[in-house]
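Everything on this sheet refers to the single structure shown next.
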Amino acid sequence: MTLRLYDTLTRAKRDFVPVDPARVTMYVCGPTVYNYAHIGNARPVVVFDVVFRLLRRLYGADHVLYAANVTDVDDKINLKAAQEGVAIGVITERYLAAYHADMAALGALPVTFEPRATQTMDAIIAMIERLIAAGAAYAAEGHVLFDTQSYADYGKLSGRSLDDMIAGARVEVAPYKRHPADFVLWKPSKENEPVWESPFGPGRPGWHIECSAMIEQTLGLPIDIHGGGNDLIFPHHENEMAQGVCADGHTATYANYWLHNGFLNLGTQKMSKSLGNVQLVHDLVRSARPEALRWALLSSHYRQPLAWTNDVIAQAKGALDTLYGALLRATDVEATDCEPSEAFLDAVMDDLNTPKANAELFALAKLLETGAAHDRAAAKGQLLAGGALVGLLQGSPKAWFQGAADGDLTEKVEALIADRIAARAAKDWARADAIRGELTALNVEVMDSASGATWKLRETAV
RNA sequence: GGCCUGGUGGCGGAGUGGUUACGCAGCGGACUGCAAAUCCGUGUACCCGAGUUCGAAUCUCGGCCAGGCCUCCA
């Protein structure tokens, strides 16, 4: 069974072969920390977290290096800092902490490296110097620009030619550019903006160079997998690749597999900060089950657009109710076969077909509900192992249903249920129903079974 | 204007040249003292038109619709 991944550069699903199985590398463009992350920002985080988990399974946890950068200097951060009258570090620390908390709530594992732009300045400057020396960049009016015409493959990733770019240019072209597509590597800082000394004059780096320098510094070329949202294909990843390859003297490819996730739509449009139609993870993890959010993000294929609605979250919660319900009723079953089932692995290995993998989870849950003892034990092991591979179903089933109940309520409910069991044993149906009424008033639903009674807290929200 | 996706049952969503996933919700039944949960069963699904084919929702062409990128953006 081989992992197959869809590569944007070759536009094909290809078998994944790492450069070095003992050192598998992955880089994903991380956040610019000037605000809370929205659920659209979380999609790549969750998707590539699944890739990360899968690679760790295939090559060993110690053999996979995952880097995600933090952009901690840019115009929006500067603006926010100026508005609040604080240093940019105050802004970036605040929102980076929130980002970490939000992504952890969604079940994302910590990445191996989290380089920051402000701490990579030497490498960025050194890379720009190499690009100039290689004839791939030029200085002009205090800026340093990448010379797109010097790189024959420019446009290959996004599938557009330099001519297309001129035809499609919607931006005014700065007069000092040799070609309209040339982009900034270094630019002078405006007044009151953070500034770094460099051989090209005081200033700050362009956005694209940051990622190239970080990849080179933390992972080294070529990396196996480069990921991000599909809006980054052009210009960001196109430019990154051009910089990386040219600075490297064209000796290595930049990334062997380019993975891009589709967007989250809110209504008919993509969710984006500039459109203002965002739902913050920070808020969602409080109004909905974080695990349901993760399920919802994985409920469609990662390259497809996902229409984000309350219904999607509610359906995700319903699906997890079914799965956790099966596990709750199987508390006494000792799990065996603690590996994902073959069908589950097949689905995940086929370019991360998580919807198909989820279907397999339901098949296992059914087996767990209805199978013979031996099959139930295996199904439970496979269900939990499959869940672990995609970062789901790892909580206790009891906590899933009763999680929001505090100790006092739990004690009260348990006492009422004990009374009701006694009443039922005495066939005192009136009393049993009266107690159920009390439980209902507490927002508690009781479920009788042959082996006793369990209960769950009814959700007031999704 | 250039480049690129996608249109599947009430909703979400895989997939495939012929056997028509899966989930959520609904309905019928079983079980239950009654419920809930569970189990069993159930629904004329594949945007339109033409073509290729013994056979297309799946391939080709055309059209319509929706969205993305070309500018900061996951």
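Because only heavy atoms are used, hydrogens play no part in the values below, and waters and symmetry mates are left out as well, while side chains stay in. Letters A, B, ... mirror the listed sequences (proteins, then strands); counts begin at 1.
- Across all strands shown, A:Gly262 has heavy atoms under 4.0 Å from base atoms, whether or not it also approaches the sugar-phosphate.
- Within the 4.0 angstrom heavy-atom criterion, no nucleotide atom of any strand lies near A:His260.
- Across all strands, A:Val446 comes closer than 4.0 Å to base atoms (heavy-atom distances).
- Residue contacts for A:Gly40: at a heavy-atom cut-off of 4.0 Å it reaches a base atom on one of the strands shown.
- Not a single donor-acceptor pair, N or O on each side, falls under 3.5 Å between the base of B:A25 and the side chain of A:Asp311.
- Separating the C1' atom of B:U16 from that of B:C46 is a span of 12 Å, rounded to the nearest Å.
- Across all strands, A:Asp74 comes closer than 4.0 Å to no nucleic acid atom at all (heavy-atom distances).
- By the 6.0 Å and 45° rule, A:Arg289 stacks over the aromatic ring of A:Trp400.
- Between the C1' atoms of B:U8 and B:A45, the separation comes to 6 Å (whole Å).
- For A:Glu334, the CD atom counts as loosely surrounded, since its 6.0 Å shell holds 12 or fewer non-hydrogen atoms of other residues, nucleotides or ligands.
- Straight-line distance between the P atoms of B:C47 and B:C54: roughly 25 Å, to the nearest whole Å.
- For A:Lys317 against B:C24, no side-chain N or O and base N or O form a donor-acceptor pair under 3.5 Å.
- Note on A:Thr309: nothing from the nucleic acid sits closer than 4.0 angstrom, heavy atoms only.
- Applying the 3.5 Å distance criterion, the base of B:A36 shares no donor-acceptor pair with the side chain of A:Arg436.
- When heavy atoms are screened at a 4.0 angstrom cut-off, A:Asp75 is found touching no nucleic acid atom at all.
- Spacing between B:C64 and B:C48 at atom P, rounded to whole Å, works out to 16 Å.
- Between A:Trp258 and A:His237, the ring planes are tilted. Angles from 30° to 60° get that label.
- Residue pairs meeting the ring-ring contact (aromatic ring centres under 6.0 Å, His included) criterion with at least one partner in residues 413-458 of chain A, sequence neighbours excluded, are absent.
- For the contact set between residues 345-373 of chain A and RNA chain B, defined by any heavy atom under 4.0 Å, the members are A:Asn353, A:Pro355, A:Lys356, A:Ala359, A:Phe362, A:Lys366, A:Glu369, A:Thr370.
- Here ring-ring contact (aromatic ring centres under 6.0 Å, His included) pairs that include residues 267-286 of chain A, with residues two or more places apart or in two chains, are A:Tyr36-A:His282.
- A donor and an acceptor atom, one from each side chain of A:Asn69 and A:Tyr27, are located under 3.5 Å apart.
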